[in-house]
**Q** 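Structure below; questions to follow.
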Amino acid sequence: MDVMGRAPVLRDADAGALHENIEAERIGQLLGVVLTCLLETFPRDFFRRCAFSAYAIRALLARDGVGSHAVGGRFTSLVVSRHGDRYALQGFESGPERFPHLWVATANRIIDLGPYFLPWGSPFPLQLMPPLVWSRSEPLPKGLHYEVIEVLSDNATFSSDPDVQRQADEFVSRCLAAAPTSVPFPYWLATGQAALIHADAAGDAWVKGLVQFERAPDGTDAQRQS
């Protein structure tokens, strides 16, 4: 607002960008709730709970009146070692479950805690990575790859095992109960190209690795690891 208290007139593009920022910030708060509840509920292996995360994110979005779908598939990301001297491809590509990874898609965004989880499950120390709240109007960088196996129906159950289903329902209830408390996510959010440009300018080592990977020809020497 100006010094007289009048709201500025926004161009359509400005209004759209403002809405996008508010939307991403709110989703970031929901991810903060989910992360907090994961750390409390599964302190030893919170980073392996992508299905619980997706289940809870959908419920929190629905609480805010936002429709979404859980998506099952495979996810791979470029990762950068803590000292920046090693690059690899890591992710959730195989396993005993039907889907190696689950994330959430709305009409506008891909929402996934998966990238943020990777450093905790890596065989060597990694640079921190942000969760995705990525605008679907922008292509993902080459260093982030999703392979869709199935878009789950709205009424899909979490598990055929009643004990696991109960555990998932209890986790969602815990997240919904915590939702009224604003919990900022403890790291920056990958919302689109502008967020990557800002992080690159700030010296983020993972983003700098993404930029180099983007420029590299096919057949880069980044090592693939499951």
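Computed from a prediction, not measured in an experiment: that's the story for all the values here. The analysis underlying the following values was restricted to heavy atoms, covering all of them including side chains, and did not include hydrogens, waters or symmetry mates.
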**Q** Judged by atom type as modelled, is there a donor-acceptor pair below 3.5 Å linking the side chain of R82 to the main-chain atoms of Q127?
**A** no
**Q** In terms of side-chain heavy atoms, does T76 have a donor or acceptor partner in E93 at a distance below 3.5 Å?
**A**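 The criterion, which ignores hydrogens and geometry beyond distance, is satisfied for E93 and T76.
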**Q** Looking at every heavy atom in both V71 and A105, which two are closest together, and how far apart are they?
**A** CG2-CB, 4.0 Å
**Q** L31, W134: one ILVMFWY side-chain cluster at the under-4.5 Å cut-off?
**A** yes
**Q** Can you tell whether the side chains of R174 and E170 come within less than 4.0 Å, N to carboxylate O?
**A** no
**Q** Drop me the distance from H198's NE2 to W188's CH2, to the nearest 0.5 angstrom.
**A** 9.0 Å
**Q** Please check this pair: side chain of R74 against backbone of P100, looking for a donor-acceptor N/O pair closer than 3.5 Å.
**A**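 No.
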**Q** Check step by step if side chain to side chain contact (heavy atoms under 4.5 Å, CB included) holds for F124 and H83.
**A** CA-CA 11 Å; F124 59 93; H83 299 292; over 6 Å; no
**Q** If you round to the nearest 0.5 Å, how far is CD of Q193 from OG of S135?
**A**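 Separation between the atoms: 10.0 Å.
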**Q** Can you check whether L118's main-chain N or O pairs, donor with acceptor, with S122's side chain at less than 3.5 Å?
**A**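 No, S122 side chain to L118 backbone: no donor-acceptor pair under 3.5 Å.
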**Q** Connecting only ILVMFWY residues whose side-chain heavy atoms lie within less than 4.5 Å of each other, what is the rest of I197's hydrophobic cluster?
**A** none
**Q** Is the centre of the Y146 ring less than 6.0 Å from the centre of the W103 ring?
**A**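 Yes, they do, as the ring centres are separated by less than 6.0 Å.
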**Q** In terms of hydrophobic clusters joined by side-chain contacts under 4.5 Å, are V151 and L61 together?
**A**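 Hydrophobic grouping puts V151 with L61.
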**Q** Whether the side chain of R136 engages the backbone of T106 through a donor-acceptor N/O pair (distance < 3.5 Å, no angle test) should be reported.
**A**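 Yes; judged by distance alone, with no hydrogens or angles, the pair exists.
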**Q** Would you compute the distance between atom CG of L60 and atom SG of C175 and round it to the nearest 0.5 angstrom?
**A**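 If we round to the nearest 0.5 Å, L60:CG and C175:SG are 5.5 Å apart.
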**Q** Would you kindly say whether R26 and Q29 are connected by a side-chain donor-acceptor distance under 3.5 Å?
**A** yes
**Q** Where is the tightest heavy-atom contact between L128 and W206, given as atom of each residue plus distance?
**A**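 Shortest heavy-atom separation between L128 and W206 comes out as O-CB, 3.9 Å.
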**Q** Does the side chain of D163 come under 3.5 Å of the side chain of Q167 through a donor N or O and an acceptor N or O?
**A**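 Side chains of D163 and Q167: no pair found under 3.5 Å.
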**Q** Do V207 and L78 belong to the same hydrophobic cluster, where Ile, Leu, Val, Met, Phe, Trp and Tyr are linked whenever their side-chain heavy atoms lie under 4.5 Å apart, directly or via other members?
**A** yes
**Q** Side-chain contact test, heavy atoms from C-beta onward, threshold under 4.5 Å: evaluate it for S68 versus I57 and give yes or no.
**A**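 The answer is no; the side chains never approach within 4.5 Å.
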**Q** Search all heavy atoms of H101 against all heavy atoms of F75 and return the closest pair with its distance.
**A**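 Nearest pair, atom of H101 first, then F75: CD2-CB, 3.5 Å.
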**Q** Regarding N155 and S153, do their side chains bring together a donor and an acceptor under 3.5 Å, going by distance alone?
**A**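 A donor-acceptor contact under 3.5 Å links the two side chains.
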**Q** For F92 and F99, I'd like to know if the aromatic rings sit close, meaning centre-to-centre distance below 6.0 Å.
**A**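 Aromatic pair excluded; centres sit 6.0 Å or further apart.
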**Q** List the atom of L38, the atom of S53, and the distance in Å for their closest heavy-atom pair.
**A** CD1-OG, 3.3 Å
**Q** Does any non-hydrogen side-chain atom of R109 lie less than 4.5 Å from one of T191?
**A**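 Yes - at least one pair of side-chain heavy atoms lies under 4.5 Å apart.
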**Q** Could you check whether any side-chain heavy atom of L189 comes within less than 4.5 Å of a side-chain heavy atom of P130, counting everything from C-beta outward?
**A**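 Of all side-chain heavy-atom pairs linking P130 with L189, none is under 4.5 Å.
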**Q** I'd like to know whether F213 forms a side chain to side chain contact (heavy atoms under 4.5 Å, CB included) with V80, so could you lay out the CA-CA distance, the side-chain angles of the two residues, the decisive distance to 0.1 Å, and finally the verdict.
**A** CA-CA 11 Å; F213 190 77; V80 180; over 6 Å; no
**Q** Output, in order, the C-alpha distance, side-chain angles, deciding distance and verdict of side chain to side chain contact (heavy atoms under 4.5 Å, CB included) for I27 and V66.
**A** CA-CA 10 Å; I27 295 174; V66 179; over 6 Å; no
**Q** If you round to the nearest 0.5 Å, how far is CZ of F42 from CZ of F171?
**A**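 Atom-to-atom, F171:CZ and F42:CZ are 6.0 Å apart.
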**Q** Give me the atom names and distance for the closest heavy-atom approach of L126 to P119.
**A** CD1-CA, 3.8 Å
**Q** Can I111 be reached from L152 by stepping across I, L, V, M, F, W or Y side chains whose heavy atoms are under 4.5 Å apart?
**A** no
**Q** Nearest 0.5 Å, please: how far is CG in L210 from CG in D204?
**A** 8.5 Å
**Q** Step by step, would you call R58 with D154 a side chain to side chain contact (heavy atoms under 4.5 Å, CB included)?
**A** CA-CA 10 Å; R58 283 205 66 219; D154 289 344; 3.3 Å; yes
**Q** Is a side-chain N or O of K208 found less than 3.5 angstrom from the main chain of D200, in a donor-acceptor match?
**A** yes
**Q** What's the spacing between D112 CG and L102 CG if we round to 0.5 Å?
**A** 9.5 Å
**Q** Going by ring-ring contact (aromatic ring centres under 6.0 Å, His included), name the residues that satisfy it together with Y116, two or more places apart in sequence or in a different chain.
**A**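 Y116 satisfies ring-ring contact (aromatic ring centres under 6.0 Å, His included) with W120, F185 once adjacent residues are dropped.
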**Q** Is it the case that one hydrophobic cluster holds both V34 and V133, taking links as side-chain heavy atoms less than 4.5 Å apart, direct or via other members?
**A**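 They do share one cluster, since a chain of ILVMFWY contacts under 4.5 Å joins V34 to V133.
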**Q** For A51 and F158, work out which heavy atoms get closest and say how close.
**A**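 Looks like O-CE1, 3.4 Å.
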